[in-house]
K.L.:
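Let me give you the structure first, and then I'll get to my questions.
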Amino acid sequence: MPLIMKVDLDEINSLLDELPKSKQHPMLRPEYVIAMSNENANAQAEFFLYKENNAFYYHPFILTRTIVSSVIINDIESAYGFGGPISSSADVKFLHRANDAYNAYIEKRDICAEFIRFSPVLKNSAYFVGDVEFNRNVVVVDLQDEDYMSNIQPRTRSAIRKSKRQGIDIKNNKSDVCIESFIALYDTTMKRLSADDFYLFKPDTIRKLINLQSCTLITAHYEGVIIAAATFFHEGNVMEYHLSASSEVGFKLNATKAIIANAMGSAYEKGCKYLHLGGGLTGSETDSLFLFKSLFSKTKSEYLIGKKIYKKKFYENQKRELITSGIVNAADNRLIFYR
């Protein structure tokens, strides 16, 4: 069985380059996963690759080792954003053999559970053998029509034009000054919003992400100061809205709206078919962030998540013991409840 445990990252990138655009995604690249894995000292990026002749099955993820009450628990999770497996072949027998090899890898690495966030544009949940659930609807801008700006709600287009008349200057610039300004603004924004730890990142992680070739940093300047900025990742048919920050002035002047409109143009110029804006902080259709993103497109797509418990008895015993000891709340339904 051609199971590859230690892989050459250059080889992976070469294989991904050969995929059709519809199967390419910037967050599947090793460089992205490695950058995101640096957020946790107990985590490491790993890359499963299975090959047969000209066909391959690839699955990038972050493996995290957690010690709870002297017990070691290993789990797999896709990097922040989206992940999951991709295959160059749709042959059922090939995919079955690839999954057998993956299960052998899981057993060898003593993995307890796996949690995956699938790309709503890539729709790669088809390659995952496990429980797949609908999480929420997300907003996607279809760029295949030359009149893609018509996707933007009229009042929002007016607000964007007004922001430019007021002196906002939108730039695509990854200079050191812009990067450091974005990092500081992002930190300030997250604190102002009392954001969950899930949305907080080390400055060095953000630097590494922005310096990736697939990343575009768009900044909004007003009177010589960056008042809003956002990162976007692009590859194949898709550009992904990633991290965003805005000052109070930026909010009042609709700077983020102007940035997203600029990103639509940038994605179109790069040959992308879609700009994926994501969803809200909750699954509600009335979520304020979801409604904001809906100002740019009426097109929605389903965001799916994948779950699988490999060591069921061990998993259930650990959860029961941690609930009994009071370390874990009985109402906590997260798959990775122990982190």
Side-chain angles (χ1 to χ4, degrees), residues 6-17 19 24-49 58-66 74-86 109 114-119 121-122 124 172-187 189-190 195-219 229-236 238-245 263 266-267 270 272 275-276 278 336 339:
K6 294 183 179 180
V7 297
D8 184 304
L9 300 189
D10 289 335
E11 178 189 17
I12 289 178
N13 279 320
S14 294
L15 290 171
L16 294 178
D17 287 341
L19 288 173
Q24 294 180 357
H25 196 281
M27 294 173 182
L28 297 185
R29 290 285 177 173
E31 295 79 9
Y32 177 87
V33 181
I34 290 171
M36 292 306 313
S37 69
N38 291 329
E39 281 296 299
N40 188 335
N42 297 321
Q44 63 186 48
E46 293 210 5
F47 310 94
F48 175 82
L49 179 64
Y58 166 67
H59 191 171
F61 43 78
I62 295 175
L63 191 156
T64 302
R65 180 175 182 263
T66 305
N74 297 314
D75 61 65
I76 281 174
E77 184 177 8
S78 53
Y80 176 90
F82 306 100
I86 196 69
R109 301 295 277 137
E114 179 173 15
F115 180 74
I116 301 298
R117 305 174 192 87
F118 298 108
S119 163
V121 177
L122 198 61
N124 55 327
N172 183 334
N173 189 337
K174 293 205 288 188
S175 68
D176 290 342
V177 172
C178 285
I179 292 174
E180 296 308 313
S181 295
F182 173 70
I183 290 172
L185 186 59
Y186 185 79
D187 181 67
T189 302
M190 293 302 102
D196 187 273
D197 288 348
F198 180 73
Y199 300 102
L200 306 180
F201 302 97
K202 298 174 183 176
D204 192 51
T205 298
I206 297 177
R207 288 188 195 97
K208 288 177 180 178
L209 289 170
I210 293 176
N211 281 309
L212 293 178
Q213 187 175 355
S214 60
C215 182
T216 297
L217 175 63
I218 302 178
T219 53
T231 55
F232 298 83
F233 284 83
H234 64 274
E235 184 177 349
V238 62
M239 176 177 275
E240 293 280 357
Y241 187 26
H242 195 242
L243 304 182
S244 181
S266 178
K270 294 178 187 299
C272 297
L275 170 61
H276 176 223
I336 307 176
R339 281 210 230 147

K.L.:
Evaluate N172 against S266 for side-chain contact (heavy atoms from CB on, under 4.5 Å), listing each step before the verdict.
P.N.:
CA-CA 9 Å; N172 183 334; S266 178; 4.3 Å; yes
K.L.:
Using the test ring-ring contact (aromatic ring centres under 6.0 Å, His included), find all partners of Y58 that sit at least two apart in sequence or belong to another chain.
P.N.:
none
K.L.:
Report yes if the side chains of C178 and L217 come closer than 4.5 Å at any heavy-atom pair, otherwise no.
P.N.:
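The answer is yes; the side chains approach within 4.5 Å.
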K.L.:
Nearest 0.5 angstrom please: M27 CE to E240 CD, how far?
P.N.:
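Here the interatomic distance stands at 4.5 Å.
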K.L.:
I'd like to check L200 versus E39 (side-chain heavy atoms, cut-off strictly below 4.5 Å). Are they in contact?
P.N.:
no
K.L.:
Suppose we call two aromatic rings close when their centres sit under 6.0 Å apart. Are F61 and H59 close by that rule?
P.N.:
yes
K.L.:
Check whether more than 12 heavy atoms from other residues, nucleotides or ligands sit under 6.0 Å from atom CG of D196, and answer yes or no.
P.N.:
yes
K.L.:
Evaluate E77 against R117 for side-chain contact (heavy atoms from CB on, under 4.5 Å), listing each step before the verdict.
P.N.:
CA-CA 8 Å; E77 184 177 8; R117 305 174 192 87; 2.3 Å; yes
K.L.:
Any sub-3.5 Å donor-acceptor pair from R339's side-chain atoms to T66's backbone N or O?
P.N.:
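Between the backbone of T66 and the side chain of R339 there is no qualifying donor-acceptor contact (under 3.5 Å).
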K.L.:
CD1 of I179 to CD1 of I206: how many Å apart, nearest 0.5 Å?
P.N.:
10.5 Å
K.L.:
For a 4.5 angstrom cut-off between non-hydrogen side-chain atoms, does D75 reach F115?
P.N.:
no
K.L.:
Would you say R65 has more than 12 foreign heavy atoms packed within less than 6.0 Å of its CZ?
P.N.:
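Atom CZ in R65 is not crowded, with 12 or fewer foreign heavy atoms closer than 6.0 Å.
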K.L.:
Check whether any side-chain N or O of T231 sits under 3.5 Å from a backbone N or O of L243 as a donor-acceptor pair, and report yes or no.
P.N.:
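Indeed, once roles are kept as given, a pair shorter than 3.5 Å links the two residues.
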K.L.:
Counting distance only, does the side-chain N/O of K202 pair as donor-acceptor with the main-chain N or O of N38 below 3.5 Å?
P.N.:
yes
K.L.:
As an exercise, state the distance from CD1 of I34 to NZ of K208, rounded to the nearest 0.5 Å.
P.N.:
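Nearest 0.5 Å value for the CD1-NZ distance: 9.5 Å.
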K.L.:
Just say parallel, tilted or perpendicular for the rings of Y80 and F198, cut-offs at 30° and 60°.
P.N.:
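It falls in the tilted class, 30° to 60°.
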K.L.:
Kindly indicate, with the supporting measurements, whether the criterion side-chain contact (heavy atoms from CB on, under 4.5 Å) is fulfilled by Q24 and I86.
P.N.:
CA-CA 9 Å; Q24 294 180 357; I86 196 69; over 6 Å; no
K.L.:
So do L19 and L15 actually touch side chain to side chain, heavy atoms under 4.5 Å?
P.N.:
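They are not in side-chain contact.
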K.L.:
So, using ring-ring contact (aromatic ring centres under 6.0 Å, His included) as the criterion, who are the partners of Y32 when residues are at least two apart?
P.N.:
F233, H242
K.L.:
Are any side-chain N or O atoms of K174 and backbone N or O atoms of L212, one a donor and one an acceptor, separated by less than 3.5 Å?
P.N.:
yes
K.L.:
Can you tell me how far apart CZ (R29) and CD1 (I12) are? Round to the nearest 0.5 Å.
P.N.:
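Going from CZ on R29 over to CD1 on I12, the span is 10.0 Å.
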K.L.:
Would you call the rings of Y186 and F182 parallel, tilted or perpendicular if under 30° counts as parallel and over 60° as perpendicular?
P.N.:
tilted
K.L.:
Report the residues that fulfil ring-ring contact (aromatic ring centres under 6.0 Å, His included) with H25, sequence neighbours left out, ordered by chain and then residue number.
P.N.:
none
K.L.:
Go through the steps to decide whether I183 and E180 satisfy the test side-chain contact (heavy atoms from CB on, under 4.5 Å), and finish with yes or no.
P.N.:
CA-CA 5 Å; I183 290 172; E180 296 308 313; 4.1 Å; yes
